[in-house]
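Here's the structure, in structure tokens; my notes come after.
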Amino acid sequence: MITSTRRVSPDKSEVRIAFSLDQDSELKDVEESAPSFPDLEHRLQPVSPCSSLRESVQVYRDHCRMAKEFHQVKQEISLLEDRKRELLAELVEDELVAVETACLEDEFRVLSEENVTLLNVHTERAQQLETLSSANRNQTSQDSSST
């Protein structure tokens, strides 16, 4: 590519002119870096551009850019699907833990109620024992005082 800058007259600004002697140079650059897109169906693969048409080269570049974006999006989707599977596995595990926790809470409630019942029975029996011991002492004192 050749670039030239000229001042047409002293009172006018510079004019820059650029042109290429080799029209195929852009095409060669594009074809040398022709990427492969294994994610795309064969019918969607970018087709080499027509070297004589600048629009064809531009369409090819746009197509390659979109194919790269497609590849990136596909990779992101894959990563997000993996993360979704991980989160679902964690959710299942959390649900199992929640069920186990609910069972343990129920068991704790039942055992707590049983504990209260046993403490009440123990208190009643201790009072009965005290009452019987007291009555037995009174009976023994009365027997010893009458003899």
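Along the sequence shown, residues are numbered consecutively beginning with 1.
In this structure, CD in Gln128 is found 11.5 Å from OG in Ser133, a value given to the nearest 0.5 Å. Between the CZ atom in Arg125 and the CG atom in Leu132 there is a gap of 11.0 Å [rounded to 0.5 Å]. Between the CG atom of Asp94 and the OG1 atom of Thr101 there is a distance of 10.0 Å, given to the nearest 0.5 Å. Annotation: the span from Phe108 atom CZ to Asn115 atom CG amounts to 9.0 Å, rounded to 0.5 Å. The CD atom of Gln75 lies 3.5 Å from the NE2 atom of His71; values are rounded to the nearest 0.5 Å. Note: Glu124 CD to Thr131 OG1 = 11.5 Å, rounded to the nearest 0.5 Å.
Between Arg109 and Glu105, none of the side-chain N atoms (NZ, or NE/NH1/NH2) sits under 4.0 Å from a carboxylate O, so this pair counts as no salt bridge.
Under 3.5 Å, the side chains of Asp62 and Gln58 contain a donor-acceptor pair of N or O atoms.
Residues Val110 and Asp106 form no side-chain contact, since every pair of their non-hydrogen atoms from C-beta on lies 4.5 Å or further apart. Here the side chains of Leu80 and Lys84 are not in contact, with every heavy-atom distance at 4.5 Å or above. Using a 4.5 Å heavy-atom cutoff, the side chains of Pro49 and Leu53 are not in contact. Between Gln139 and Gln142, the closest side-chain pair of non-hydrogen atoms falls below 4.5 Å. Residues Pro46 and Leu40 meet the side-chain proximity criterion, which asks for heavy atoms closer than 4.5 Å. Residues Tyr60 and Val47 fail the side-chain proximity criterion, which asks for heavy atoms closer than 4.5 Å. The side-chain heavy atoms of Arg61 and Arg65, taken from C-beta on, include no pair separated by under 4.5 Å.
Around CD of Glu86, the count of heavy atoms belonging to other residues, nucleotides or ligands within 6.0 Å exceeds 12. Residue-environment remark: CD (Glu93) stays at or below the threshold of 12 foreign heavy atoms within 6.0 Å.
Listed for the Ser78 side chain is no donor-acceptor partner under 3.5 Å among the backbone atoms of Lys74.
Leu44 is connected to Phe37 through a chain of hydrophobic side-chain contacts under 4.5 Å among Ile, Leu, Val, Met, Phe, Trp and Tyr, so both are in one cluster.
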